[in-house]
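Remarks on the structure that follows.
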Amino acid sequence: MNTTTKVLSTTQSAGKWTYKDFVWSLSLFGTAVGAGVLFLPIKAGAGGFWPLVILALLAAPMTWFAHKGLARFVLSASKPDSDITDTVEEHFGKTGANLITFAYFFAIYPIVLIYGVGITNTVDSFLVHQVGMASIPRWLLSGALITAMTAGVVFGKELMLKATSAMVYPLVFILLALSLFLIPDWNTSMMESSPDWSSLPLVVWLAIPIIVFSFNHSPIISQFTKVQRLEHGDKAVAKTDMITAGSAMMLMGFVMFFVFSVVLSLTPEQLHMAQEQNISVLSYLANVHESPLISYLGPIVAFAAITSSYFGHFLGAHEGLVGLVKSRSQLSTTKIEKISLLFIVLTTWVIAIINPSILGMIETMGAPMIAAILFILPVFAMRNVPAMAKYKTSAPVQIFTVICGFAAISSVIYGAL
């Protein structure tokens with residue numbers, strides 16, 4: 001095949017949907033579908049049925065506009081193989097790169113802490129309610145679980161990455177099956193409670209951080225964008241826009257169906273009880289549902305989701321912390337890696353013993369940094385970096401994206417005050 005034919009083939013493939021694009025959309029989708037989805041029905045449904053409908057309508061454009069903006073930001077680098085850190089350093093210098101590395105660490109590290117609490121509560125609930133055992137002392141159970149998961153990452157990194165990638169698709173299938181299985185249990189209790197229309201904007205505003213967290217697949221955007229640029233060159237922007245749109249629609253259709261199915265099968269009081277018990281919605285369903293399928297499958301799915309998410313986020317947090325310490329320390333890389341590993345494991349164990357609210361941690365620690373990087377950084381670059389001129393999205397899209405980003409951050413500040 002000559003060069004002209006190759007260019008023509010690349011141009012044509014960039015403008016149409018291919019099987020490879022579908023696989024990439026699944027990868028983006030799988031990155032987003034993690035433990036956050038298991039807590040989404042509790043928070044999103046807590047405000048009632050109509051706020052949930054509004055959040056569902058906002059979720060797809062929020063997700064698509066933010067992630068396609070981040071992809072365009074990575075595309076604006078002068079070198080085809082640049083990742084997000086390289087792009088930030090090119091546009092904003094080393095200081096900017098350090099700030100983004102810092103922000104990335106504090107976007108990922110709290111999620112590791114969240115999963116330490118989540119896995120402990122999931123296993124404890126399963127042992128007590130499904131197996132009939134007495135609770136194992138929390139310090140011992142959490143320490144054993146966190147040590148086991150971390151050992152899997154440290155001593156079998158490649159195996160764990162393959163296992164977690166393979167886990168995504170059965171996990172998605174089982175969640176879909178559970179959504180369908182719950183349909184006979186749907187009731188109108190959520191719709192019967194008359195909404196307080198005056199407080200509806202406040203309810204939606206306060207729920208935006210959990211939407212940002214649950215639909216976030218920014219960790220894979222950098223690598224995904226590099227591949228599209230190497231394959232499609234100048235046409236990569238059309239391809240990344242198309243694939244991120246497909247992923248957003250899949251998330252909208254699948255995740256929100258799961259959320260609605262769970263919310264409609266429970267009462268507002270039950271959702272509040274799940275939040276009080278600080279367990280995922282699947283663990284709560286297992287405890288109150290008469291079906292043996294739900295009783296045993298629910299906790300297993302929750303365990304798989306949290307474990308798979310822990311592996312990826314632990315690697316990201318460890319890498320980020322090593323990068324931060326390395327630039328400020330004279331210690332060898334090996335020592336820094338060991339110290340960073342020990343710090344993350346010990347702090348995750350301490351937080352798991354304390355058992356703070358998982359939803360509270362998502363809202364106050366995870367979502368704000370994600371919102372800053374995902375929603376605000378790309379739009380800021382579009383307005384201030386010359387290389388981003390040809391990658392600008394339309395003004396209404398920029399405004400909507402920034403409003404959503406600031407809404408996520410400001411709602412956390414409001415909640416703290």
Side-chain angles (χ1 to χ4, degrees), residues 33-46 111-138 140-142 144-146 148-149 167-168 170-182 185 210 213-214 255 258-311 313 348 351-363 366:
V33 176
V37 173
L38 306 184
F39 293 91
L40 180 58
I42 299 172
K43 180 64 178 182
I111 302 173
V112 178
L113 302 181
I114 289 166
Y115 292 155
V117 178
I119 196 69
T120 304
N121 291 352
T122 297
V123 173
D124 179 68
S125 177
F126 179 76
L127 293 176
V128 172
H129 293 95
Q130 276 72 52
V131 180
M133 289 175 56
S135 282
I136 297 173
R138 192 171 183 87
L140 179 60
L141 179 62
S142 59
L145 290 169
I146 291 164
M149 290 194 301
M167 227 187 286
V168 168
L171 178 62
V172 166
F173 175 77
I174 293 168
L175 283 175
L176 178 59
L178 286 173
S179 303
L180 294 170
F181 185 82
L182 289 171
D185 293 333
I210 188 70
F213 180 85
S214 300
V255 174
F258 170 71
V259 170
F260 273 97
S261 190
V262 169
V263 167
L264 290 173
S265 68
L266 298 172
T267 64
E269 292 74 23
Q270 286 177 313
L271 288 170
H272 179 72
M273 186 65 69
Q275 186 168 351
E276 287 292 312
Q277 293 177 10
N278 206 24
I279 55 177
S280 78
V281 74
L282 287 182
S283 291
Y284 182 79
L285 280 171
N287 297 343
V288 300
H289 213 281
E290 295 179 359
S291 166
L293 180 69
I294 296 286
S295 295
Y296 288 95
L297 199 57
I300 291 170
V301 171
F303 181 84
I306 293 171
T307 304
S308 64
S309 296
Y310 179 87
F311 291 144
H313 286 87
T348 304
I351 296 299
I353 295 170
I354 295 171
N355 192 24
S357 166
I358 293 175
L359 279 168
M361 290 177 70
I362 288 172
E363 291 165 355

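Heads up: numbering here begins at 1 and tracks the sequence.
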For [X] and [Y], which heavy atoms make the closest approach, and how far apart are they?
X	Y	result
Leu182	Ser261	CB-OG, 3.6 Å
Ser265	Leu285	OG-CD2, 4.4 Å
Ile42	Ser280	CD1-C, 4.2 Å
Ile294	Pro299	O-CD, 3.8 Å
Thr120	Leu141	O-CD2, 3.8 Å
Ser135	Asp124	OG-OD1, 3.0 Å

Atom [atom1] in [X], atom [atom2] in [Y]: separation rounded to 0.5 Å?
X	Y	atom1	atom2	value
Gln277	Met273	CD	CE	6.5 Å
Tyr115	Leu145	OH	CG	16.0 Å
Ile111	Met361	CD1	CE	10.0 Å
Ser125	Tyr284	OG	OH	11.0 Å
Ile114	Thr348	CD1	OG1	11.0 Å

Q: Using the test ring pair (Phe, Tyr, Trp, His ring centres under 6.0 Å), find all partners of Tyr310 that sit at least two apart in sequence or belong to another chain.
A: Phe314
Q. Any donor and acceptor pair, going by atom type alone, linking the side chain of Gln130 with main-chain N or O of Ala286 inside 3.5 Å?
A. yes
Q. Should Pro41 and Phe258 count as side-chain neighbours, where that means a heavy-atom distance under 4.5 Å?
A. yes
Q: State, with a plain yes or no, whether a side-chain heavy atom of Leu38 is found less than 4.5 Å away from one of Thr122.
A: no
Q.
My understanding is that only residues two or more places apart in sequence, or in another chain, count here; which of them pass side-chain hydrogen bond (donor to acceptor under 3.5 Å, both in side chains) with Ser295?
A. none
Using distance only, find each side-chain donor-acceptor pair of residues 351-358 under 3.5 Å and give its atom names and separation, not counting sequence neighbours.
| unit_1 | atom_1 | unit_2 | atom_2 | d |
| --- | --- | --- | --- | --- |
| Asn355 | OD1 | Asn121 | ND2 | 3.1 |
| Asn355 | OD1 | Arg138 | NH2 | 3.2 |
| Asn355 | OD1 | Asn278 | ND2 | 2.9 |
| Ser357 | OG | Gly360 | N | 3.0 |

